[in-house]
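First up is the structure itself, then whatever we jot down about it.
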Amino acid sequence: MRMLTRRLLLPGLTALALAGTGCSAPAARVAAGPGGAPTPASTATGGDQRLEVNAAPQGSIAPTPLARAHSGKGRPEKSALKVASYDRASGRAVISAAPPGHSAKPSHSPAPGKPADKPVAVGDVIASAPAPGAPDGLLAKVTEVVGRSEEGTEVKTAPATLASVLKDDRAEGKVPVDPASVSVVPLMKGVTFSWARSQGVRFGPQGAKLPLGSLRLDVNAGVNTAKDAPASAAASVSGFLQLTPQVEFAYGGSKEGGPGPSSAFLGMSGDWSSRWALKGRAAASTGAPQRIPFAKLHSAPVIQVGPVPVVVNLDLTCYVQVAADGHATLDVQQDVKGDFRVGGSYATDKGWAPVSTSDVHSTPVNASVSAAGTVKGALGAEASVGLYGAVGVTADVAPYLRGEGDAKAVASSDGKASAHASWAVYGGFDLAGRLDFHLSLFGTPVIEHRIPLGALHREWALAKGQSAV
């Protein structure tokens, strides 16, 4: 199958799956993780300077954002330098001056008689937006200056943490993901994309209907149909997910000169809506349910924390999953609207804790089940969020539709007989995931084991019926 890669609008991917975290019939607040998990507003505590959190400059005329902390001391400063090249295997990088007309003004005023921006030196901590050889950005400490050439200054580097550059400052904010920063790879036919940029530019068959800043993914996929099913009962899953997500970031400076932050948060949140349907008689499952990936999305949005560019990597694999016994024929459709929030929260006295909430409204559009049997279909996604290319939070979210039918026949010795049939359709969602040790990029203690998000399972009735046969 030919796969096409397109650059699309996605303010927050990653979220496509996370959007599915809410699919409850009544409006409900669903939360996973400790009830006391702090929000970004409460995590930015400590430190002696508050930094703004905004989207990094975009466009060809904007320089690649880079910040440095001189010799690992002092406050981070915006630099007119750039990462000209980087080799991940060796840790070597070439740091050069920005091209004429593209140089950034340093965020500090140089002392009289000193150059505006000195060459990098051993001990400097560098934070860079995506650059050649570093598609997910670079956060590193200079360990050796190898030499200088026309290309720039070649250095050896070692991994660093945000605490080594943000130090005792504090920051918090929510930033929409740049719509042009998302690449989408459809994995099957029947997948289409639409979006509406915040500047008013629209794309795709549904673009004119979308709120500004939103992305819509439509899918119409066939699934394996039971062998004895008539042509009219061909199994399929169809529908759309519409999102307006954003990145949430918070950093609380260290207390009493500690080595790491006193608090931190990384996650995604936003509004979403969906409508999807499951129809036909799916083939009987053998072993694990049938899972069919239909699209992959990736983005590395850059958020500006004061002078420091922080690269957030978002990855998403959307899939259709069906489990059935091969007997029941299902025809059900529902609308779901709400908001979501998912991520990881850190506090010195509690360590890392998962955060997942969703406020949702669900409305059945139509529903029916014929014949005895069961079938369950999910339109879900596997999503990951992290920093500088390292995974920090992973979630598998599966909003689903489930139908079951039952038929009974009763006969007596006097020759009388009767038959009754009943059916029911349910909506719901399953959520599972984990926090990974790579969240230690904040400068927090390394997570020695993966922390489960805490499995969430919620189900509600959409429709039911019964009749005499």
Side-chain angles (χ1 to χ4, degrees), residues 56 64-77 79 81-96 119-146 152-169 171 249 251-254 258-261 264-266 300-315 344 346 351-352 384-394 434-451:
T64 300
L66 184 144
R68 64 192 288 198
H70 291 281
S71 300
K73 300 178 181 180
R75 296 193 180 282
E77 300 171 340
S79 173
L81 302 176
K82 70 169 186 175
V83 177
S85 65
Y86 176 70
D87 180 68
R88 184 179 297 273
S90 64
R92 291 197 175 208
V94 175
I95 311 298
S96 64
V120 289
V122 172
D124 283 1
V125 178
I126 295 172
S128 171
D136 295 308
L138 180 64
L139 180 61
K141 182 177 182 178
V142 177
T143 59
E144 179 184 343
V145 176
V146 178
T153 303
E154 183 177 353
V155 298
K156 291 184 179 180
T157 66
T161 66
L162 282 176
S164 65
V165 64
L166 293 178
K167 301 183 184 299
D168 58 355
D169 290 333
F249 177 91
Y251 176 91
S254 60
F265 183 90
L266 177 66
V302 181
I303 60 176
Q304 200 74 32
V305 182
V308 180
V310 176
V311 185
V312 182
N313 47 282
L314 310 170
D315 289 278
Y346 174 80
W352 282 100
S384 64
V385 190
L387 297 174
Y388 299 100
V391 175
V393 182
T394 301
R434 64 182 182 274
L435 303 183
D436 289 286
F437 66 90
H438 291 299
L439 282 172
S440 58
L441 278 172
F442 273 96
T444 61
V446 175
I447 300 176
E448 297 182 356
H449 60 279
R450 292 173 174 175
I451 301 175

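Values below: every heavy atom of this structure, side chains too, minus hydrogens, waters and symmetry copies.
- In this structure, CD1 on I126 lies 12.0 Å from NZ on K141, to the nearest 0.5 angstrom.
- In this structure, OG1 on T157 lies 10.5 Å from CZ on R92, to the nearest 0.5 angstrom.
- The minimum heavy-atom distance linking A390 with L441 is given by the pair CB-CD1, 3.8 Å.
- Counting heavy atoms from C-beta on, the side chains of D169 and P76 come closer than 4.5 Å.
- Not a single donor-acceptor pair under 3.5 Å links the side chain of Y388 to the backbone N or O of N313.
- Atom CG of L139 sits about 8.5 Å away from atom CG of L387, to the nearest 0.5 Å.
- Considering every non-hydrogen atom in both V165 and V308, the closest pair reads CG2-CG2, 4.0 Å.
- Scanning both residues, G443 and A163, for their nearest heavy atoms gives CA-CB, 4.0 Å.
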For this session: Show your working on ring-ring contact (aromatic ring centres under 6.0 Å, His included) between F265 and F442 and close with a plain yes or no.
Result: CA-CA 9 Å; F265 183 90; F442 273 96; 9.1 Å; no
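- Atom CG of residue L435 and atom CG of residue L266 lie 10.0 Å apart, to the nearest 0.5 angstrom.
- P119 approaches D124 most closely through the heavy-atom pair O-OD2, 4.5 Å.
- Here the closest non-hydrogen pair linking P309 and P307 is CD-O, 3.4 Å.
- Considering only residues two or more places apart in sequence or on other chains, R88 meets the salt bridge (Lys or Arg N to Asp or Glu O under 4.0 Å) condition with none of them.
- The line from OG1 of T143 to NZ of K156 is 7.0 Å long, rounded to the nearest 0.5 Å.
- Taking 4.5 Å as the limit, every side-chain heavy atom of V94 sits out of range of all side-chain heavy atoms of V83.
- Residues V310 and F249 have side chains in contact (heavy-atom distance under 4.5 Å, counting atoms from C-beta outward).
- Side-chain atoms of S85 never come within 3.5 Å of backbone atoms of P132 as a donor-acceptor pair (strictly under, hydrogens ignored).
- The side-chain heavy atoms of S440 and Y346, taken from C-beta on, include no pair separated by under 4.5 Å.
- V146 places none of its side-chain heavy atoms less than 4.5 Å from the side chain of V155.
- With T394 contributing its side chain and S384 its backbone, the two residues share no donor-acceptor pair below 3.5 Å.
- For the residue pair A300 and P130, the shortest heavy atom distance occurs at O-CG, 4.5 Å.
- With sequence neighbours left out, T444 forms a side chain to side chain donor-acceptor pair (under 3.5 Å) with W352.
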